Amino acid sequence: MANPDWSRLRAALRACRAAGTTPRLWWRDDDAVAPTHALDQLTALSETDGLPVNLAIIPADATDALARYSDAAPLIPVVHGWAHADHSAPDDKKNEFLTPRAAAAADAARGLARLRTLFGDGLRPMFVPPWNRIHEDVVARLPAMGYTALSTYGPRPAPKAVPGLAQVNTHVDPIDWKGTRSLIDAQTLIDQAAAQLTDRHDTDAPFGLLTHHLVHDPAIWAFAEAFLTEMQLGGATPWQMET
């Protein structure tokens, strides 16, 4: 990663501090199923930056070894769909819970049950739909299953997705998914984050970094570390979901 200019982000954070709206920073990482070298690297970065990782775990494939690993790591398990299987219709974008299907709600419920069995009280009842897409009918049923939060991507439309279900989204994804699958231009990411902080009206919303440790290359790791450092040096305070 070349040396980008962080001045716009620093200025946006200064303005937040002056206005008394310093963001609460959180970190979500998707697609975990088992301990790996990449997960070790994620854990090490979390320990260095002092920010826990909300680890979105695929319930159908989650292992006992991951549950044991998380006991000794700064990882907060949350539910990432059921099997991360694409059930999209031919003209839809990839999704597991957006295209209507009879088993969608049941899959969301068994995802929570499976991870509660593995992680016990360490699990946070947050639902993270794969590809960040979910149908409103499934959303409406999540609180009755025991979920208390929903997380997708982008500025949230409201603090609650439905009554009893907080909306806690991520805002910065450094991966060029449709192109190189390496790092998006770092300057573009920095300027986009600065613009979001400057223009946001929902100042109570936690501001989130989204990563995918299993597919990171050195450039993505370097940006994630630098971004987390800059945010916290700029006054952002850690946000963590309550049990």
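Computed from a prediction, not measured in an experiment: that's the story for all the values here.
Of the options Asp30, Asp61, Asp31, a side chain to side chain donor-acceptor pair (under 3.5 Å) to His84 is made by Asp31 and by none of the others.
No more than 12 heavy-atom neighbours from other residues, nucleotides or ligands sit within 6.0 angstrom of CZ on Arg141.
Listed by chain and residue number, Asp40, Thr43 satisfy the side chain to side chain donor-acceptor pair (under 3.5 Å) test with Tyr69 (two or more places apart in sequence, or in another chain).
Residues Cys16 and Phe207 form no side-chain contact, since every pair of their non-hydrogen atoms from C-beta on lies 4.5 Å or further apart. Gln240 is not listed as a side-chain neighbour of Pro206, based on a closest heavy-atom distance of 4.5 Å or more. When side chains are defined from C-beta on, Glu96 does not count as touching Val138, because their heavy atoms never get closer than 4.5 Å. Within the 4.5 Å cutoff, side-chain heavy atoms of Trp6 are placed close to those of Phe227. In this structure, the side chains of Leu233 and Arg10 stay at 4.5 Å or more apart for every pair of heavy atoms. Residues Gln196 and Pro155 have side chains in contact (heavy-atom distance under 4.5 Å, counting atoms from C-beta outward). Side chains of Leu13 and Glu230 form no contact here, defined as non-hydrogen atoms less than 4.5 Å apart. Using a 4.5 Å heavy-atom threshold, the side chains of His213 and Thr36 count as touching.
Leu118 and Ile58 are members of different hydrophobic clusters when ILVMFWY side chains are connected at heavy-atom separations under 4.5 Å. Under the 4.5 Å side-chain heavy-atom criterion for grouping Ile, Leu, Val, Met, Phe, Trp and Tyr, Leu165 is not connected to Tyr153 through any hydrophobic cluster. Under a hydrophobic clustering in which Ile, Leu, Val, Met, Phe, Trp and Tyr are joined whenever their side-chain heavy atoms come within less than 4.5 Å, directly or via other members, Leu214 and Val53 fall into different clusters. With hydrophobic clusters built from ILVMFWY side chains whose heavy atoms lie under 4.5 angstrom apart, Val79 does not share a cluster with Leu210. Taken together through direct or relayed side-chain contacts under 4.5 Å among Ile, Leu, Val, Met, Phe, Trp and Tyr, Leu197 and Leu51 form part of one hydrophobic cluster.
Rounded to the nearest 0.5 angstrom, Leu209 CG and Arg28 CZ are separated by 10.5 Å. Rounding to the nearest 0.5 Å places NZ of Lys93 at 13.5 Å from CH2 of Trp131. Distance OH/Tyr147 to CG/Leu112: 4.5 Å, rounded to 0.5 Å. His135 contributes atom NE2, which lies 6.5 Å from atom CG of Leu98 (distance to the nearest 0.5 angstrom). Here the CG atom belonging to Asp29 is positioned 11.0 Å from the OG1 atom belonging to Thr170, to the nearest 0.5 angstrom. In this structure, CD1 in Ile76 is found 4.5 Å from CG in Asn54, a value given to the nearest 0.5 Å.
A salt bridge (Lys or Arg N to Asp or Glu O under 4.0 Å) check over residues 203-220, counting only residues at least two apart or in different chains, returns nothing.
The closest donor-acceptor contact from the side chain of Gln187 to the backbone of Asp5 lies under 3.5 Å. Proximity of a side-chain donor or acceptor of Arg124 to a complementary backbone N or O of Gly122 within less than 3.5 Å is detected. In terms of modelled atom types and a separation under 3.5 Å, the side chain of Ser151 and the main chain of Val168 share a donor-acceptor contact. Remark: the backbone N or O of Ala194 is not paired with any side-chain donor or acceptor of Arg8 at under 3.5 angstrom. With Glu225 contributing its side chain and Leu45 its backbone, the two residues share no donor-acceptor pair below 3.5 Å. Panel note: side chain Arg17, backbone Gly234; a donor-acceptor pair is recorded below 3.5 Å.
Between Thr22 and Gly235, the closest heavy-atom pair is CG2-O, 2.8 Å. When all heavy atoms are compared, the tightest approach of Gly146 to Pro125 is O-CB, 3.4 Å. Scanning both residues, Gly81 and Phe97, for their nearest heavy atoms gives CA-CE1, 3.5 Å. Summarising the geometry of Ser88 relative to Asn95, their closest heavy-atom pair is CB-ND2, 3.4 Å, with the distance given to 0.1 Å. Closest approach of Met241 and Ala149 over heavy atoms only: CE-CB, 3.7 Å. Ile184 and Leu189 make their closest contact through O-CD1, 3.7 Å (heavy atoms, listed as atom of the first residue, atom of the second, distance).
Side-chain contact, Thr152 with Asn169: a donor N or O sits under 3.5 Å from an acceptor N or O. When only modelled atom types and interatomic distance are considered, Ser182 and Asp176 share no side-chain donor-acceptor pair under 3.5 Å.
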CA sep, side-chain torsions, deciding dist, call: Ile175, His216, side chain to side chain contact (heavy atoms under 4.5 Å, CB included): CA-CA 8 Å; Ile175 299 178; His216 286 192; 4.2 Å; yes
Stepwise side chain to side chain contact (heavy atoms under 4.5 Å, CB included) check, Phe119 with Leu66: CA-CA 9 Å; Phe119 295 92; Leu66 181 60; 4.1 Å; yes
Pair Leu9-Met231, side chain to side chain contact (heavy atoms under 4.5 Å, CB included): steps then yes or no: CA-CA 8 Å; Leu9 182 64; Met231 288 291 292; 4.1 Å; yes
From CA spacing to verdict: side chain to side chain contact (heavy atoms under 4.5 Å, CB included), Leu142, Ile134: CA-CA 11 Å; Leu142 292 177; Ile134 186 169; 4.2 Å; yes
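Centroid-to-centroid, the aromatic rings of Trp177 and His212 come within less than 6.0 Å.
In summary, Asp92 and Arg133 do not engage in a salt bridge, as defined by a charged side-chain N under 4.0 Å from a carboxylate O.
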